[in-house]
Amino acid sequence: MKFFKGNINLKLFSVFLALLLWLIVFNISNPEQKGSRNVELNILNQDVFSSENKTWEVDRETITISYTVRSNKASSVKASDFNVYIDLNDYSITGSVPVYVELKNPENSASIQDIVARPSVVHVSVEDLQRKKFTLTTHRSGKEEDGYVVASIHTEPDTIYATGPESTIGRISSVGLLINVDGLNKTTSGKGKPVFYDANGKTIDSLGNVTLSQEEVDYTVVIHKKKDLKIAVNATGVPQSGYSLESLDISPKTVSVSGNESLLESINSIDLPPLDISGMSSDVQKVYSLDDYLAKGVSLTEPNNTVTVTARLKKNAETTEETTTESKEESKSTEESTTESKEESSFGSEEGSDGKASIKNSSSAEKKASVEESRQSTQEGKASVTENKSP
């Protein structure tokens, strides 16, 4: 007993010193260290705005959690050890909502301490909910097999609804399918996931806050055989006297069409109505719309659907020669009449003043007779030319 009662102060000091040394050794061998993990943010009461026909969006999906832990436990700490969440019931007019953190396993509370969430608040934006109808469009990638063409692409359904925040729905210009037609030579069906497009035709990614009325759409790609057909057309009618048809130009002379293979085998040309050149003395041109003359079940593969037909007319050589001869005869007759008139005028000027009236009357009568003879001479010349040309 004397051993325990003697030097009590010294013994208490020794115990305290031993504990202190133990703590020092423990902290040196297994010190505390800081750690952090990115933890997915959970959201409670997500339907709180549904009754108001509104939708919400949080400005982040993960929260960084920092903590302190003993070094011997540091490697065992995982993101799944933490429950990080917000409650939309805490939403305020400023849009700020506090972040809460819990340890899923309470046993870790002895080794994991000083837990802090960064950021400690998140921003929640609330907007009116919009549901908009879109007509599904189709886009192709790749090229079908040579000699074949994509006649059409059908989707089922042909419309789809997108639901989301007004600002996000406003970014969407169209909803469609991107379909690979590379190497196709027969009608093919499949399923595709709708894609969002903006006003410039570019795809829009990361629209997680927009939902569609269905996630997949059925489609059918109709493939037709392709064939080149010539354009057939004739001229009808008789042009103006002295003119004839020189040529009939067709542009383009052939066009590419598509259709059922058995149907195309029975068609070799596209027949157009005749081009009327009746009474014409210059070139005649007409533009035909091929859509009006294609067989049922046949369609053009090119965007241009018109053909231009030009009837080129020429003046006959015989008519030209006759006209030139007649012109020469008339010119010659006119020159002779002019010469005779000059001679009569000269003769009349030599008479005296007493016989002026008589001479003028006589000269006028002779002049008329001379002109009449010239006309008769011209007519006889034309008749002679015609007889000479007759076989």
Side-chain angles (χ1 to χ4, degrees), residues 132-164 168-169 171-208 210-232 250-272 288-308:
K132 187 175 180 180
K133 181 179 180 181
F134 292 91
T135 299
L136 279 169
T137 60
T138 56
H139 304 266
R140 309 175 195 173
S141 65
K143 188 180 184 305
E144 57 272 59
E145 185 178 312
D146 289 342
Y148 293 86
V149 64
V150 175
S152 60
I153 300 178
H154 307 286
T155 62
E156 179 58 41
D158 56 1
T159 60
I160 197 168
Y161 288 90
T163 304
T168 305
I169 296 295
R171 294 174 55 197
I172 304 171
S173 178
S174 64
V175 181
L177 294 180
L178 180 61
I179 301 171
N180 185 9
V181 300
D182 194 45
L184 292 184
N185 58 11
K186 62 180 180 179
T187 298
T188 305
S189 298
K191 290 180 177 292
K193 187 175 181 180
V195 179
F196 300 112
Y197 294 90
D198 62 17
N200 296 320
K202 296 181 179 180
T203 57
I204 306 174
D205 300 322
S206 303
L207 291 184
V210 175
T211 59
L212 293 171
S213 54
Q214 59 186 83
E215 294 300 319
E216 287 189 324
V217 174
D218 295 323
Y219 67 84
T220 300
V221 182
V222 180
I223 301 293
H224 279 173
K225 183 74 174 176
K226 189 164 61 173
K227 184 178 182 179
D228 290 337
L229 297 180
K230 67 178 183 179
I231 304 299
I250 305 172
S251 178
K253 294 182 179 180
T254 61
V255 293
S256 177
V257 300
S258 65
N260 182 273
E261 191 166 353
S262 59
L263 174 62
L264 290 183
E265 288 178 356
S266 62
I267 303 173
N268 294 313
S269 65
I270 299 176
D271 299 324
L272 302 180
Y288 293 85
S289 176
L290 292 178
D291 293 332
D292 299 333
Y293 308 104
L294 289 174
K296 187 177 181 180
V298 176
S299 59
L300 296 169
T301 62
E302 302 295 336
N304 181 32
N305 67 339
T306 61
V307 168
T308 302

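Both the sub-6.0 Å distance and the 45° axial angle are satisfied by Lys225 relative to the ring of Tyr148.
Ring geometry for Tyr293 against Tyr288 counts as perpendicular: the plane angle is over 60°, on a 0 to 90° scale with 30° as the lower cut.
Counting only heavy atoms from C-beta outward, the side chains of Phe134 and Leu212 never approach each other to under 4.5 Å. For the pair Leu178/His139, a side-chain contact is recorded, criterion being any heavy-atom separation below 4.5 Å from C-beta on. Under the 4.5 Å side-chain criterion, counting only non-hydrogen atoms from C-beta, Ile223 is not in contact with Val181. By the 4.5 Å heavy-atom criterion applied to side chains, Leu207 and Arg171 are counted as neighbours. Within the 4.5 Å cutoff, no side-chain heavy atoms of Asp158 are placed close to those of Thr135. The side-chain heavy atoms of Tyr197 and Thr203, taken from C-beta on, include a pair separated by under 4.5 Å. Under the 4.5 Å side-chain criterion, counting only non-hydrogen atoms from C-beta, Thr163 is not in contact with Ile169. Considering only heavy atoms from C-beta on, Ile179 comes within 4.5 Å of Tyr219 through its side chain.
Remark: Asp146 engages Lys143 in a salt bridge (Lys or Arg N to Asp or Glu O under 4.0 Å) (not counting sequence neighbours).
Considering CG of Asp205 and CZ of Phe196, their distance stands at 10.5 Å, rounded to 0.5 Å. To the nearest 0.5 angstrom, Asn305 atom CG is 4.5 Å from Asp291 atom CG. Between the OG atom in Ser258 and the NZ atom in Lys226 there is a gap of 9.0 Å [rounded to 0.5 Å]. Interatomic distance, CD of Glu144 versus CG of Asn185, reported as 10.5 Å (0.5 Å rounding). In this structure, CG on Leu136 lies 5.0 Å from OG1 on Thr155, to the nearest 0.5 angstrom. For the atom pair CG (Leu177) and OG1 (Thr138), the distance works out to 7.5 Å, reported to the nearest 0.5 Å.
Of all the heavy atoms in Thr137 and Ser174, the pair that sits closest is OG1-OG, 4.3 Å. Contact detail for Ile267 and Leu229: the closest heavy-atom pair is O-CD2, 3.5 Å. Heavy atoms only, all atoms of each residue included: Asp271 and Ala232 are closest at OD1-CB, 3.2 Å. Closest of all the heavy-atom pairs between Val255 and Pro252 is CG1-CG, 3.9 Å. Here the shortest heavy-atom pairing between Leu294 and Ser299 reads CD1-CA, 4.2 Å. Here the closest non-hydrogen pair linking Asn180 and Ser141 is OD1-O, 3.1 Å.
With no hydrogens or angles considered, no side-chain donor-acceptor pair links Asp218 and Thr220 at under 3.5 Å.
Put simply, the residue from Asp182, Ile153, Leu184 that forms a side chain to side chain contact (heavy atoms under 4.5 Å, CB included) with Arg140 is Ile153.
With hydrogens and angles ignored, the 3.5 Å screen pairs a side-chain donor or acceptor of Thr301 with a backbone N or O of Ser256. Under the 3.5 Å distance criterion, the side-chain polar atoms of Lys227 are matched with a main-chain donor or acceptor of Leu264.
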side-chain contact (heavy atoms from CB on, under 4.5 Å) between His154 and Val222, intermediate numbers included: CA-CA 8 Å; His154 307 286; Val222 180; 3.8 Å; yes

